[in-house]
Amino acid sequence: MTFTANIVFFFTFLIAIIVPITSQPCNSYRFSKNIKYAACEDLPVLKSSLHWNYHPSSGVVDVAFYKANAKDSSWVAWAINPSSKGMVGSQSFVAVHKNGTIKAYTSPITSYATMLQEGNLSFSVYSLSTSYRNGGITIFATFQLPPNKTVVNHAWQEGLVSEDDTLKAHSFSRSNLQSYGTINFISDKVSKSDGDVNSRTMLRNVHGILNTVSWGIMMPIGVMMGRYLKVVDGLGSTWFHLHRACQSLAFLIGIVGFGTGLYIGNHSGVHHAPHRCVGITLMCLAFTQVLVAVCLRPKKDHKYRIFWNIFHYIVGYATIALAIWNVLKGFDILNARNVWKNSYVGIIISLATIAIILEVITWIWVCNKKRAKNSQNHVTIGEQQA
């Protein structure tokens, strides 16, 4: 053969060897316990597979859940939910790998705020163990299916372990939100639920866009309108109407964004306490600002107007600071691409730069007006004395 033909043959042979190694189907896995499973399924996300034997006469299931490319200081879990489709009610088998050691335990999930605490499941578990080999974690379990339950919902997840050995919440990336489906132990079929995932992903994106535009961009622009347009001669009360219109529109859009966030949290179990608490705080601050501005704003010459101004400024700037922080936190929760987060940071930096320039111009403008007014007053007083 020619030299070129030899090269082609060599790379073809190399690929034929490498591909089966790097992308093994589930039925080619060999476990350390030499247990053979009659059924298996490569799960669609998180580089996982499920292997099982179902014994119809007793309703007992032998399961091996395998997670490839497991990180150090991480946890993996596989769960079934015999009673419902959601996260609450799931009965999970958990494996924790840290500092070269690995352990397995069971954890019933009773709330969305679970920390996967160890506890007994709602059905009998006859054996449970785990192993770590070649970068993969396997959970072995034998358990009793609930009576008349051969089709169950199942889910699988992964996350990190903190320094104090507490389990961190799993990521909210698309893959993590797609890691659930159903198992039919009679037909050995595993199905996934794409429709719900797509609708939840769309809601998450809508939630992020609405809150980024309203709280994260329009609110700061509205503050800048109120701060810098009122010193421009000839605008009169136009600056106030622009300021109020921008803030009101941002508040209305923010209400819709806040509502989508509550809906997502209540119906899909996606909770993130700091982000949620700051969002509620923002709604309270904004509602208070609107209520006080509409009902309790004194006239300009009122003796208590100074206190109203102080309150208005403090609440306004606190809202802007919390809103920017929460938008950035939202990008992290959504695992958004860096281009979106960097674009938002660029917009905020641009607005901050414009604000600094306008602040300097405003002070120069105001100081020149005061100086001119003082000079005119001196001239008027001199003319009166003459």
Side-chain angles (χ1 to χ4, degrees), residues 42-50 63-81 85-119 121 128-141 153-181 192-193 196-197 200-201 204 208 264-265 267-277 328-338 341:
D42 287 314
L43 301 176
V45 292
L46 300 183
K47 298 180 180 179
S48 305
S49 63
L50 188 65
V63 165
F65 170 75
Y66 176 72
K67 169 67 180 75
N69 299 333
K71 300 177 181 178
D72 191 22
S73 298
S74 64
W75 60 267
V76 300
W78 177 79
I80 66 169
N81 193 334
K85 190 176 182 179
M87 176 178 172
V88 174
S90 294
Q91 310 295 304
S92 63
F93 302 90
V94 185
V96 180
H97 177 245
K98 186 178 181 182
N99 297 330
T101 62
I102 189 168
K103 68 174 183 176
Y105 63 90
T106 58
S107 175
I109 299 177
T110 57
S111 71
Y112 290 121
T114 180
M115 297 296 292
L116 292 179
Q117 298 90 341
E118 186 170 353
L121 303 186
L128 177 63
S129 62
T130 184
S131 67
Y132 178 81
R133 188 178 67 168
N134 298 328
I137 294 177
T138 307
I139 299 175
F140 300 95
N153 300 295
H154 80 124
W156 61 101
Q157 278 296 348
E158 64 174 344
L160 299 177
V161 181
S162 61
E163 293 295 331
D164 59 357
D165 294 335
T166 58
L167 307 190
K168 296 182 180 180
H170 65 78
S171 170
F172 294 109
S173 68
R174 182 177 178 85
S175 295
N176 291 92
L177 295 179
Q178 286 180 323
S179 57
Y180 71 100
K192 57 182 180 178
S193 302
D196 292 342
V197 172
R200 280 193 295 166
T201 301
R204 290 166 63 242
I264 292 170
H267 289 79
S268 65
V270 180
H271 285 276
H272 198 278
H275 184 68
R276 187 184 183 94
C277 291
L328 294 174
K329 190 70 175 178
F331 280 121
D332 293 336
I333 294 172
L334 294 174
N335 282 333
R337 295 179 180 178
N338 288 333
K341 185 176 181 179

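Sequence positions, counted from 1, serve as the residue numbers for this chain.
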Item checked: Residues in side-chain contact (heavy atoms from CB on, under 4.5 Å) contact with S92, at least two apart in sequence or another chain -> A79, V94, S107, I109, L116
Item checked: Residues in side-chain contact (heavy atoms from CB on, under 4.5 Å) contact with A155, at least two apart in sequence or another chain -> Y180
Do the side chains of [Y] and [X] get nearer than 4.5 Å, heavy atoms only?
X    : Y    : answer
I137 : T130 : yes
K67  : E158 : yes
V96  : L167 : yes
V63  : W78  : yes

As an exercise, state the distance from [atom1] of [X] to [atom2] of [Y], rounded to the nearest 0.5 Å.
X    : Y    : atom1 : atom2 : result
H170 : L46  : NE2   : CG    : 10.0 Å
S48  : Y66  : OG    : OH    : 9.5 Å
I102 : S131 : CD1   : OG    : 6.5 Å

Provide the closest heavy-atom pair for [X] versus [Y] in the form atom of the first, atom of the second, distance.
X    : Y    : result
H154 : L43  : CE1-CD2, 3.9 Å
T138 : A64  : CG2-CB, 4.2 Å
I139 : A95  : CG1-CB, 3.7 Å
N176 : Q157 : O-NE2, 2.6 Å
P108 : L121 : N-CD2, 3.8 Å
W156 : G181 : CZ3-N, 4.4 Å

Who pairs with [X] by side-chain hydrogen bond (donor to acceptor under 3.5 Å, both in side chains), at least two apart in sequence or on another chain?
X    : answer
Q91  : none
T166 : S162, D164
K98  : D165

Side-chain donor-acceptor pairs of residues 68-75 under 3.5 Å, sequence neighbours excluded:
unit_1	atom_1	unit_2	atom_2	d
S74	OG	K71	O	2.4
W75	NE1	L160	O	3.4
W75	NE1	K168	O	3.0

